[in-house]
Amino acid sequence: MQRITILGATGSIGESTLDVVGRHPDRFSVFALTARRSHARLLEQCLVHEPAYAVLAERDAAATLRASLAERGSRTEVLDGPHAAAEVAAASETDLVMAAIVGAAGLEPTLAAARAGKTILLANKEAIVMAGQVFLGAVRDGGATVLPIDSEHNAVFQCLPAGGRRDGVRRIVLTASGGPFRSFDVARMAAVTPEQAVAHPNWSMGRKISVDSATMMNKGLELIEAHFLFDMPADRLDVVIHPQSIVHSMVEYVDGSILAQLGNPDMRTPIAHALAFPGRIDSGVSMLDLATHGRLDFERPDPGRFPCLRLAREALSAGAAAPCVLNAANEMTVDAFLERRIRFTDIARINEAVLDALGAARAPSDTAEVLALDARARECAGVRLAEAAA
């Protein structure tokens, strides 16, 4: 029996994780569930899975949850505040930590799990993008294990030689659906709405990651993540658009072989793989019928249509502060777009301005420096956003 803490339990990855865990009550129990403020959904999850702890970052929401659980006679203890998620992630009772908090907010609890030597199921790419060397140092020093959950990185992990060796690997190729605007020209993109941007053609995801998919920033952040996870230089990482989202990524070898991982587009597959690693368990995902799909298409991404992908490549090549700066700027611009304060095409424009302004700073060497750089980049992005709204 393994005990799991789910950071970001009410999001799409958290919900999918609970679905897989619930299929295997003989193998997994839930130690803690965390969210920012979604007390109603967290209440439902607590009543079903009966964790020892429920965590909400916002104290008012936590008070509501605490009262609701008490009314129902639940023994789940409610914790609150900005550091409570880190506490349950590092708790001795936790074996597995699903790191699924979106954005920079997931950094502290993910680092806490790493320092405590946990097995981390990493779905929060922003943590490693903004603090790559700091995160890897915490993993190394704490003796933690990292298993990738992003469908692309999980696919690469499955296609690499046993033990994650890089023997004979020539290139890693991440696949991208191209999002809802794959065939739009730039002029048409300027008029797209948040509703259009979050309507992903293949995947069911949260609003922020859906916009990132539409701009292809998501794929750019995944390139940076792959660089750190697999110790692969930028010139040996590539992206190809694959509209069907059946091939989740590929590893090319020096002998000309390419190994690919295929499956229906459902995040429960990589989650189940990581939960059971090195074994396999049922995920609840329907089996792939290639004859029904009929064809698999591939094309190169258009850099003119997807400038955010170019920016991420530039940040990866520049190194130092650039990935952290780009991630912070992008979180700010995506929020502004979802709030209708800027146009879709302004996301890349403002991201580039912030990257140009701060990307050459030295790389942060510890958590405090990561957070300080993140704050500087957000402040810079805020100024650009104000200018855009004026």
Side-chain angles (χ1 to χ4, degrees), residues 13 97-100 106-107 110-111 113-114 118-176 212 216-240 242 247-263 267 269-271 273-275 277-278 301 309 312-320 322-324 326-327 363:
I13 296 294
V97 175
M98 169 58 77
L107 178 62
T110 305
L111 283 173
K118 304 302 180 182
T119 296
I120 302 170
L121 282 57
L122 186 66
N124 170 257
K125 67 176 65 64
E126 292 88 352
I128 197 168
V129 167
M130 67 187 294
Q133 292 303 333
V134 173
F135 175 74
L136 293 178
V139 168
R140 181 183 61 250
D141 295 344
T145 299
V146 177
L147 299 174
I149 295 300
D150 269 347
S151 62
E152 297 81 3
H153 302 89
N154 183 267
V156 170
F157 184 74
Q158 294 192 51
C159 292
L160 286 171
R165 301 191 318 274
R166 308 297 176 266
D167 300 357
V169 174
R170 174 185 289 156
R171 187 173 59 128
I172 288 174
V173 182
L174 304 181
T175 57
D212 282 348
M216 286 197 71
M217 178 61 84
N218 192 49
K219 206 54 50 180
L221 297 179
E222 287 173 2
L223 284 174
I224 299 171
E225 182 182 7
H227 163 71
F228 286 112
L229 282 178
F230 305 118
D231 192 24
M232 191 65 60
D235 61 358
R236 292 167 60 191
L237 295 168
D238 208 353
V239 171
V240 63
H242 168 51
V247 176
H248 297 300
S249 278
M250 298 170 273
V251 175
E252 180 182 78
Y253 290 85
V254 294
D255 62 3
S257 299
I258 295 179
L259 299 186
Q261 188 265 339
L262 287 71
M267 285 304 299
T269 297
I271 289 168
H273 174 262
L275 282 170
F277 184 80
L309 181 58
R313 283 192 175 279
E314 292 175 1
L316 175 57
S317 297
C324 182
L326 181 61
N327 179 73

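- Contact record, Val254 with Arg170: O-NH2, 3.0 Å, taken as the closest heavy-atom pair.
- Residues Ser151 and Pro270 come closest through the heavy atom pair CA-CG, 4.2 Å.
- Closest heavy-atom contact between Ala127 and Asn124: CB-OD1, 2.7 Å.
- Ring centers of His273 and Phe277: under 6.0 Å apart, within the cut-off.
- At distances below 3.5 Å, not a single donor-acceptor pair connects side-chain atoms of His248 with backbone N or O atoms of Ala155.
- Taking the salt bridge (Lys or Arg N to Asp or Glu O under 4.0 Å) definition, one finds that Glu222 meets it with Lys219, sequence neighbours left out.
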Exercise. Mind running side chain to side chain contact (heavy atoms under 4.5 Å, CB included) on Phe230 and Val169 for me, showing each step along the way?
Key: CA-CA 11 Å; Phe230 305 118; Val169 174; over 6 Å; no

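- Here OG1 of Thr145 is found 12.5 Å from CG of Leu122. Values are rounded to the nearest 0.5 Å.
- Nearest heavy atoms, Gly220 versus Ala312: CA-CB, 3.3 Å.
- Side-chain N or O atoms of Ser257 include none that pairs as donor or acceptor with a backbone N or O of Tyr253 at under 3.5 Å.
- A distance-only check finds a donor-acceptor pair linking the side chain of Asn154 to the backbone of Pro148 [under 3.5 Å].
- The minimum heavy-atom distance between Ala99 and Thr110, with the atom names listed, is CB-OG1, 3.6 Å.
- Contact check for Met217 versus Leu326: side-chain heavy atoms found under the 4.5 Å cut-off.
- A distance of 8.0 Å separates CG in Leu111 from CD1 in Ile120, rounded to the nearest 0.5 Å.
- For the atom pair Leu237 CG and Leu316 CG, the distance stands at 6.5 Å (nearest 0.5 Å).
- The stretch residues 230-240 participates, sequence neighbours left out, in these side chain to side chain donor-acceptor pair (under 3.5 Å) pairs: Arg171-Asp238, Asp238-Arg313.
- Ser249 pairs in a side-chain contact (heavy atoms from CB on, under 4.5 Å) with only one of the listed residues (Leu259, Val173, Leu174), which is Leu174.
- The shortest heavy-atom contact between Ala113 and Ala144 is O-CB, 4.5 Å.
- Remark: Leu223 CG to Leu309 CG distance equals 6.0 Å, nearest 0.5 Å.
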Under the side chain to side chain contact (heavy atoms under 4.5 Å, CB included) criterion, do Met98 and Ile271 qualify, and how do the steps go?
CA-CA 9 Å; Met98 169 58 77; Ile271 289 168; 4.1 Å; yes

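- Pairs passing the salt bridge (Lys or Arg N to Asp or Glu O under 4.0 Å) check and including a residue from residues 123-150, sequence neighbours excluded, read Lys125-Asp150, Glu126-Lys208.
- Rounded to the nearest 0.5 Å, atoms CD1 (Ile13) and CD1 (Ile149) are 7.5 Å apart.
- Here the straight-line distance linking atom CD1 of Ile172 with atom NE2 of His153 works out to 8.5 Å at 0.5 Å rounding.
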